[in-house]
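Written below as structure tokens is the structure these notes are about.
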Amino acid sequence: MAKPRQKVIITCAVTGAIHTPSMSPHLPVTADEIAQAAIGAAEAGAAVLHLHARDPQTGKPSQDPALFKPFLERIKGATDAIVNITTGGSPHMTVEERMKPAVAFKPELCSLNMGSMNFGLFPMLGRFTEFRHDWEREHLENSRSLVFRNTYQDIETILRLGDANGTRFEFECYDISHLYNLAHFVDRGLVKSPPFIQSVFGILGGIGPHPEDLMHMKRTADRLFGDEYEWSILGAGRAQMPLATIGAAMGSNVRVGLEDSLWIGPGRMAQSNREQVERIRTILEALNLEIATPEEARAKLGLKG
Ligand code: KMH
Ligand code: ZN
């Protein structure tokens with residue numbers, strides 16, 4: 001008998017560390033902007049808020065817990081959404097740096113990147129040419145020669161931190177090999193079931209954004225984890241809405257937000273995170289899918305609350 005349809009968890013990734021302030025006036029930078037954007041996304045239906053911080057003067061990504069604290073307090077005061085703190089930080093940072101806010105705040109959910117990879121941001125130099133801050137151009141330019149480091153040792157350290165703090169993970173899988181890495185840690189008993197797999201499509205250095213890529217990810221995850229995983233889809237840039245839609249029609253959860261795409265349509269910038277959440281919500285409801293509340297998402301993902 002077919003399994004009953006599950007409600008869809010919408011994650012909103014509010015600002016990230018990939019896009020830079022000169023690329024969009026709508027990218028949240030200050031604690032106030034990040035809090036407002038996150039609260040708007042939660043009001044529109046996001047059960048999970050994936051959060052990074054930025055230096056308020058320059059917009060440069062930062063993992064300083066002091067920059068997270070003010071927006072975490074405001075978000076927790078205004079919503080019951082699940083707070084998901086990045087351990088990916090920026091590909092330019094050390095793993096020790098990246099772990100700081102997870103250590104400080106012991107959140108119920110954190111991201112965990114499942115393999116080392118190239119992370120090619122330099123193609124955006126063709127699309128965005130005017131930058132207000134020097135770091136922005138360097139951030140894109142330097143991606144030609146950096147490796148986004150996530151060794152087995154790094155992954156194990158973050159998994160053990162999660163175990164000690166009651167934190168569970170959004171496992172960021174940018175390619176098929178990352179699913180096999182996750183299966184390796186499941187086999188070693190270091191990952192609690194069901195893992196929440198965020199399949200990431202369209203980052204240069206990872207799997208592409210073709211529907212066949214999505215199918216290959218899904219088939220591989222089904223083979224490795226059977227029914228024992230929660231699947232979510234993240235398409236970068238213009239792949240955001242199409243891939244989330246295909247995935248949701250096949251039973252996945254979805255992630256949107258300005259971390260992953262600055263756009264709402266061809267040549268049209270999203271005015272807010274809320275706008276992207278509203279768009280995917282409209283699509284999901286048109287597919288007769290129901291949206292998970294934060295409490296329903298906590299139950300699905302086995303979070304501590
Ligand atoms: N920026 C994304 C493609 C993280 O924060 O750990 C994936 C991400 C990484 O969200
Ligand atoms: Zn992130």
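All values reported here derive from a predicted model rather than from experimental measurement. Atoms within each ligand, like the ligands themselves, are counted from 1 in listed order.
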Note: [X]-[Y] ion pair, threshold 4.0 Å (strictly below):
X: Glu230; Y: Arg168; result: no
X: Arg279; Y: Glu275; result: no
X: Lys300; Y: Glu296; result: no
X: Glu156; Y: Arg188; result: yes

Of all protein heavy atoms, the one nearest atom 7 (C) of ligand 1 is Tyr174 OH, 3.1 Å
Who's the nearest protein heavy-atom neighbour of atom 6 (O) of ligand 1, and how far? Ser111 OG, 2.6 Å
Under 3.5 Å between any N/O of [X] and any N/O of ligand 1: does that happen in this structure?
X: Gly89; value: no
X: Asp260; value: no
X: His50; value: yes

Whether Glu259 has an N, O or S atom under 2.8 Å from the Zn ion (ligand 2): yes
Is there a donor-acceptor pair closer than 3.5 Å between any side-chain N or O of Asn273 and the backbone N or O of Ala37? no
Is a donor on one side and an acceptor on the other found under 3.5 Å between the side chain of Asp163 and the backbone of Arg160? no
Residue-ligand contact Arg255/ligand 1, heavy atom below 4.0 Å: yes
Yes or no: does His52 have any heavy atom under 4.0 Å from an atom of ligand 1? yes
What class does the angle between the rings of His178 and Tyr174 fall in, given that below 30° is parallel, 30 to 60° is tilted and above 60° is perpendicular? perpendicular
Any idea which atoms of ligand 1 are less than 4.0 Å away from a heavy-atom of Thr86? 4 (C), 5 (O), 6 (O)
Within ligand 1, which atoms have a heavy atom of Glu259 less than 4.0 Å away? 1 (N), 2 (C), 5 (O), 7 (C), 8 (C), 10 (O)
The Zn ion (ligand 2) is nearest to which N, O or S atom of His50? NE2
If we ignore angles and hydrogens, is there a donor and acceptor under 3.5 Å between the side chains of Gln63 and Glu97? no
Which part of Asn113 is near ligand 1, with near meaning a heavy atom under 4.0 Å away: side chain, backbone, both or neither? side chain
